[in-house]
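The structure appears right after this line, and notes come after that.
Chain A is the first sequence line, chain B the second, and so forth, proteins listed ahead of strands; every chain is numbered from 1. Keep in mind that what you see is a predicted model, and the values were worked out from it rather than measured.
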Amino acid sequence: MYSEKVMDHFTNPRNVGEIEDANGIGQVGNAKCGDIMKMYLKIEDNIIVDAKFKTFGCGAAVATSSMATELVKGKTVEEAMKITNKAVAEALDGLPPAKMHCSNLAEEAIAAALEDYRRNIGEASNETVDCTGCCNSCGHSHGREEDFDEE
Amino acid sequence: MGNKTIYLDHAATTYVKPEVFDAMKPYFCEYFGNASSIYSIGRESKKAVEEAREKVAKAIGAQPREIYFTGSGSEADNWALKGIAAAYKKKGNHIITSVIEHPAILNTCKYLEGEGFEITYLPVDEDGLVSLEDVRNSIKDSTILISIMFANNEIGTIQPIQEIGAIAREKGVLFHTDAVQAVGNIPIDVEKLNVDLLSLSGHKFYGPKGIGALYIKKGVKIASLIHGGQQERGKRASTENIPNIVGLGKAIELATENMEKYNKKLIDLREKTIEGLMAKVPYIKLNGHRTQRLPGNVNFSFQFIEGESLLLMLDMKGICGSSGSACSSGSLDPSHVLLAIGLSHEIAHGSLRLSFGDENTEEDVEFILEEIPKIVSRLRDMSPLYEAVKNKQKV
């Protein structure tokens with residue numbers, strides 16, 4: 001189902017984690033849909049010098065997150081803004097049709113992090129980027145925590 | 001463990017036992033006659049079919065003439081519902097089922113709704129059990145059939161079939177049970193259980209794929225699903241699949257003979273897995289009834305992670321499992337069963353079903369108890385939802 005490259009990025013995801021002094025952070029998706037991507041960017045002199053991610057989602061979601069961070073590193077803000085979901089999917093040697101929404105999330109996560117950066121430097125309004133995840137219901141109802149054995 | 005594969009998806013399908021395969025082999029090339037033919041190799045095939053019918057009947061407490069071979073469990077389910085609906089439509093148009101049935105039942109019910117039948121979908125409680133009161137209160141004058149699955153394919157919960165059957169009998173309503181997950185795994189006696197129709201499938205108990213059967217109690221009218229020749233006493237046309245029928249007979253005979261010993265082992269593996277994972281992994285929930293469940297079924301939800309990722313990482317360790325996660329099914333909605341027992345979408349996404357079989361060992365359980373916590377931890381470290389918990393934020 002998945003290409004070797006998708007499996008490689010799923011098995012050995014690049015750039016997992018957080019950037020403590022990130023100046024662009026974007027989170028897209030919805031736990032209800034089964035996918036959340038959070039992208040951290042460190043941008044210096046308009047260049048993305050570091051990118052990390054955290055993802056809740058399927059194999060394709062992890063792989064597209066990993067690839068998206070690889071693609072944005074070293075690019076200018078303007079170049080990164082032009083990265084499309086298609087580019088992410090192609091860089092992974094394709095995704096199954098049912099998983100293409102994961103590449104949309106990757107594109108949106110990059111856009112959300114860059115928007116946050118532009119807000120931080122006073123170039124954008126304080127409007128938040130809406131969830132444009134894989135479903136139409138963004139009612140964020142998390143699980144019944146009382147049903148779980150906690151740490 | 002090296003490259004060993006630990007197969008824990010017996011609810012999906014099982015391997016064919018060598019004894020079963022050996023029993024089937026002669027009917028491919030040697031005794032290949034059409035069971036409807038009059039000459040000796042045809043009669044040989046016919047004899048094999050009837051011997052298998054006797055074995056299936058014996059395994060579920062039925063008479064051989066009450067067993068009809070089908071192409072699958074899904075076909076048996078379709079036939080039970082559509083056949084009864086067509087045969088009894090003058091009596092009424094109401095059918096009762098549950099929300100956690102297999103798609104072979106739910107999608108057939110949807111089809112029947114389009115044909116003018118009224119379907120009541122009973123809810124289940126958080127353990128996945130149907131309420132007997134709900135069953136009783138849902139019966140109307142127009143009710144012709146109750147169809148409640150014996151054991152759920154995902155969470156393993158076993159329904160109170162005998163009690164449901166008693167209610168149906170008392171009210172004069174026919175009772176069908178989809179017993180595809182139950183037959184060969186737990187003892188079944190259709191007479192004691194007050195069952196009128198029962199579906200089963202060969203590949204769930206070490207028989208071949210592509211063979212099932214429908215038990216139809218003597219006296220129950222049913223319309224044919226497949227029209228054609230006079231096979232299966234004129235009720236189910238199609239040249240008999242002799243090797244598969246023979247395989248089904250052998251498999252059900254073996255499963256029934258060894259059931260007690262086999263179940264003792266499966267329950268032991270199941271309990272060690274449940275207790276082990278509950279002790280080792282935080283934010284975990286067992287889905288399905290704690291004890292009233294299939295001997296080999298384990299179903300957990302792991303909060304903050306997604307099921308397909310979990311399955312892929314388990315596969316890398318040679319462990320084959322299953323998930324009710326949407327992403328593993330190609331749908332965007334997680335399992336209807338997990339949602340029906342009250343799980344939220346995000347928790348249902350992180351589910352894992354492990355179903356044990358006769359080749360699994362305690363060593364397998366030790367291995368999964370070592371690997372699953374590590375994999376869950378790795379995925380949680382990658383999860384922004386878990387990050388929020390670790391940072392003591394509201395999740």
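When the shell of 6.0 Å around NZ of A:K86 is examined, it contains 12 or fewer heavy atoms from other residues, nucleotides or ligands. Few gaps surround CD on A:E78; more than 12 heavy atoms of other groups in view lie less than 6.0 Å from it.
In this structure, NE2 in B:H349 is found 7.5 Å from CG in A:D35, a value given to the nearest 0.5 Å. Between the OG1 atom in A:T11 and the CG atom in B:D315 there is a gap of 10.0 Å [rounded to 0.5 Å]. Note that the OG1 atom of A:T55 and the CD1 atom of B:I305 stand 14.0 Å from one another [nearest 0.5 Å]. Taken to the nearest 0.5 Å, the CD atom of B:E306 stands 11.5 Å off from the CD1 atom of A:I36.
For the pair B:S344 and A:K32, the minimum side-chain heavy-atom distance is 4.5 Å or more. Side-chain contact between B:M382 and A:P13 is present, with at least one heavy-atom pair separated by less than 4.5 Å.
Although no hydrogens or angles enter the test, the distance criterion places a donor-acceptor pair under 3.5 Å between the side chain of B:E308 and the main chain of A:G59. A:K54 places a side-chain N or O within donor-acceptor distance of the main-chain N or O of B:D381, the cut-off being under 3.5 Å. Although no hydrogens or angles enter the test, the distance criterion places a donor-acceptor pair under 3.5 Å between the side chain of B:S309 and the main chain of A:G57.
Between B:E346 and A:F56 the shortest heavy-atom distance is O-CZ, 4.0 Å.
Of the listed residues (A:M39, A:E18, A:K38), just one forms a side-chain contact (heavy atoms from CB on, under 4.5 Å) with B:P384, and that residue is A:K38.
Within the 4.5 angstrom heavy-atom criterion, only side-chain atoms of B:M316, from C-beta onward, approach chain A. Heavy atoms of A:S65 lying under 4.5 Å from chain B are absent altogether. Residue A:A61: no heavy atom, backbone or side chain, is found under 4.5 Å from chain B. With a 4.5 angstrom heavy-atom cutoff, B:L312 touches chain A via backbone and side-chain atoms both.
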